[in-house]
Amino acid sequence: MKTITMVILLIISTTTLSAPVGSRFSYQGQLQFNGVSVTGTYDFKVELWNQAIGGSFFGSALEIADVEVVDGIFTMELDFTDAPFTGDDWFLKIQVREGTSTGSYITMSPKQRINATPYAIQADFLAANGATTGQVLKFDGSNWVAGIDNSGSPYWSENFGGVQYIGDVIIGNLVASAGDTFQIVSEVNESPLRILVGGVGTRFRISKNGGAGVGANYNDGQIPTNGLRVAGNVQLGKTSIGSSPDLAPGNGLNIEGSVLAKSNMKVYGNLAIGSADFSGSTALQINSGAAENPLRIKINNATKMRIYNNGGTSLGGNSAPEINGLVVQGNVLARSDLNVDGKMQVTGDSNVAVSTLTLDGGSPLKANVNGLTKLIVAGNGGTAIGGGSGSLAQLPTDGLYVAGDVKLNSDLTLTGKPKQDINSHGFAKAGLKFLCGFSAVTTLQSFNNVNSGVLLVTHSVPNYIGQCTITFPFDIGNSFIQTDVDPTSNLFFRKAICRQKNGSTTQLSCRVSNPDGSSADSVVSLLVF
């Protein structure tokens with residue numbers, strides 16, 4: 001027994017521009033015997049039923065003989081007139097036999113539902129419902145009815161060889177806000193608009209990310225979100241574009257009028273403001289007239305920077321500077337070299353408890369006179385005055401070096417010990433008052449102007465009366481030594497002799513003696529110059 005299988009491929013309505021559509025429609029299917037697509041000539045018998053199972057059929061059966069079937073595919077035209085297609089479901093009962101046979105038909109199962117396409121033939125007969133010239137067909141939810149659009153005139157009309165639309169236009173999703181003349185509503189994964197020139201080159205595109213691209217075929221990833229990317233020049237504020245210099249520079253922006261930016265604005269390239277006199281190597285150029293001040297910057301409505309038409313600049317306020325000069329209202333902090341070719345005057349507020357001029361750097365301050373360094377503040381915190389560059393090696397840490405005389409017009413107060421160079425003479429380097437006694441030695445007073453070391457007094461070895469050793473924390477090899485016995489002992493004839501100890505440049509050996517040469521103990525005063 002043969003098993004016949006039929007598969008519907010598609011159902012379409014026939015159309016033509018030169019004649020009415022009529023009630024015919026094309027039916028295409030696939031015919032298989034025992035699961036194998038066949039080729040040959042076959043007769044078909046088709047009936048129109050109102051139910052898939054049971055029911056009744058409309059009119060009479062259509063018999064189509066000698067239909068060519070190639071690899072199972074066949075097409076035939078069916079015409080049941082327009083009467084049954086009023087909106088109800090209809091099903092096709094199809095029977096088939098070999099074209100060379102005159103026997104009975106084999107019935108295909110199940111019946112095939114007729115989908116929406118055949119109902120398109122209904123439009124050819126809607127004039128019977130009252131549609132006339134100037135009317136359009138509207139669907140009221142259940143049927144097509146005739147009606148008048150736009151108060152008696154059609155929306156679309158011919159205008160100078162084109163098309164004119166009177167009213168609002170919405171493209172895409174009908175769920176759109178009212179009041180907009182033209183709307184394009186897209187899905188979240190669709191870009192709503194693209195304009196091509198010559199059919200191939202995209203010149204404008206609105207991306208699904210909210211951005212827009214102009215002048216090139218930018219894809220979604222190349223257009224900034226909710227932003228604008230332009231491939232070419234942009235000119236604003238002028239109704240017509242003339243020749244250079246009216247045009248903006250290459251890939252630039254030319255604005256004729258005021259600019260108000262409500263958010264961040266970035267310029268990738270050069271920017272000229274004021275006139276067309278523009279240097280291409282300058283990133284930002286502001287050109288002003290002779291009576292115009294080219295730049296003012298305000299913070300909280302107070303001027304903090306201004307460039308005047310005399311070439312001067314004012315920082316921190318609105319004070320007019322000298323020609324090609326700089327006036328600063330506030331402190332100046334320099335973190336690198338500061339070169340001043342000319343006079344420099346810094347005026348600060350005496351009521352402000354901060355320094356007027358603050359300089360940071362390795363050697364933050366240096367003053368030269370006739371090419372010679374006369375003042376320097378070094379990175380070690382020391383300051384040198386009056387010397388050339390060779391004296392900088394002698395600059396003390398957090399100290400003061402003066403190469404020359406020091407004149408004081410008032411008292412000099414030192415909060416620490418005065419220090420001097422170990423090789424200098426004329427000032428006392430150290431002083432000591434000590435007891436060189438029978439059984440012990442005692443330091444009574446001492447000072448050290450060279451460093452922070454301690455002067456140490458010990459008995460000589462072996463321990464002799466009136467013989468002591470003094471150890472200094474610096475080299476005394478080239479120093480002058482002065483000793484004396486304390487006159488308060490009333491022993492005016494005693495004497496103290498101190499000599500540099502053999503083999504040592506930091507120790508003195510001292511001896512106190514009576515007039516007869518015998519050793520004695522007494523208080524001794526010693527100065528090192």
Side-chain angles (χ1 to χ4, degrees), residues 149-150 154-287 294-295 297-298:
D149 274 354
N150 198 25
Y155 280 119
W156 297 97
S157 61
E158 184 176 354
N159 184 17
F160 298 102
V163 177
Q164 176 179 328
Y165 188 87
I166 303 175
D168 297 340
V169 177
I170 300 175
I171 298 176
N173 189 345
L174 291 180
V175 181
S177 59
D180 295 325
T181 301
F182 186 82
Q183 292 187 63
I184 301 177
V185 184
S186 67
E187 300 295 335
V188 293
N189 59 346
E190 296 176 331
S191 293
L193 180 62
R194 176 182 289 193
I195 299 177
L196 290 81
V197 177
V200 293
T202 298
R203 291 297 177 260
F204 180 77
R205 183 177 185 182
I206 297 179
S207 172
K208 60 189 177 183
N209 67 2
V214 180
N217 188 21
Y218 295 127
N219 56 38
D220 292 333
Q222 295 174 315
I223 300 175
T225 300
N226 299 324
L228 175 66
R229 183 174 182 182
V230 180
N233 298 328
V234 177
Q235 180 157 337
L236 302 175
K238 193 173 184 180
T239 57
S240 62
I241 298 179
S243 59
S244 180
D246 292 331
L247 284 174
N251 296 328
L253 174 65
N254 184 14
I255 300 176
E256 298 189 19
S258 300
V259 178
L260 176 62
K262 293 291 187 179
S263 60
N264 296 333
M265 182 172 67
K266 296 181 179 179
V267 178
Y268 295 95
N270 300 329
L271 178 62
I273 300 174
S275 71
D277 182 14
F278 180 66
S279 172
S281 62
T282 303
L284 173 63
Q285 181 170 323
I286 302 175
N287 300 316
L295 179 63
I297 298 176
K298 288 187 174 183

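By the salt bridge (Lys or Arg N to Asp or Glu O under 4.0 Å) test, Lys298 pairs with no residue at all, sequence neighbours left out. For Asn209, the side chain to side chain donor-acceptor pair (under 3.5 Å) partners two or more places apart in sequence, or in a different chain, are Ser207.
Of the options Leu193, Leu196, Val197, a side-chain contact (heavy atoms from CB on, under 4.5 Å) to Phe204 is made by Leu193 and by none of the others.
Using a 4.5 Å cut-off on side-chain heavy atoms (C-beta onward), Arg205 and Asp220 make contact.
Listed for the Ser191 side chain is a donor-acceptor partner under 3.5 Å among the backbone atoms of Lys208.
With values rounded to the nearest 0.5 angstrom, Arg194 atom CZ is found 13.5 Å from Tyr218 atom OH.
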Counting only pairs under 3.5 Å, give me each side-chain donor-acceptor contact of residues 222-232, with atom names and distances, residues two or more places apart or in other chains.
unit_1 : atom_1 : unit_2 : atom_2 : d
Gln222 : OE1    : Asn219 : N      : 3.1
Arg229 : NH1    : Gln222 : O      : 3.1

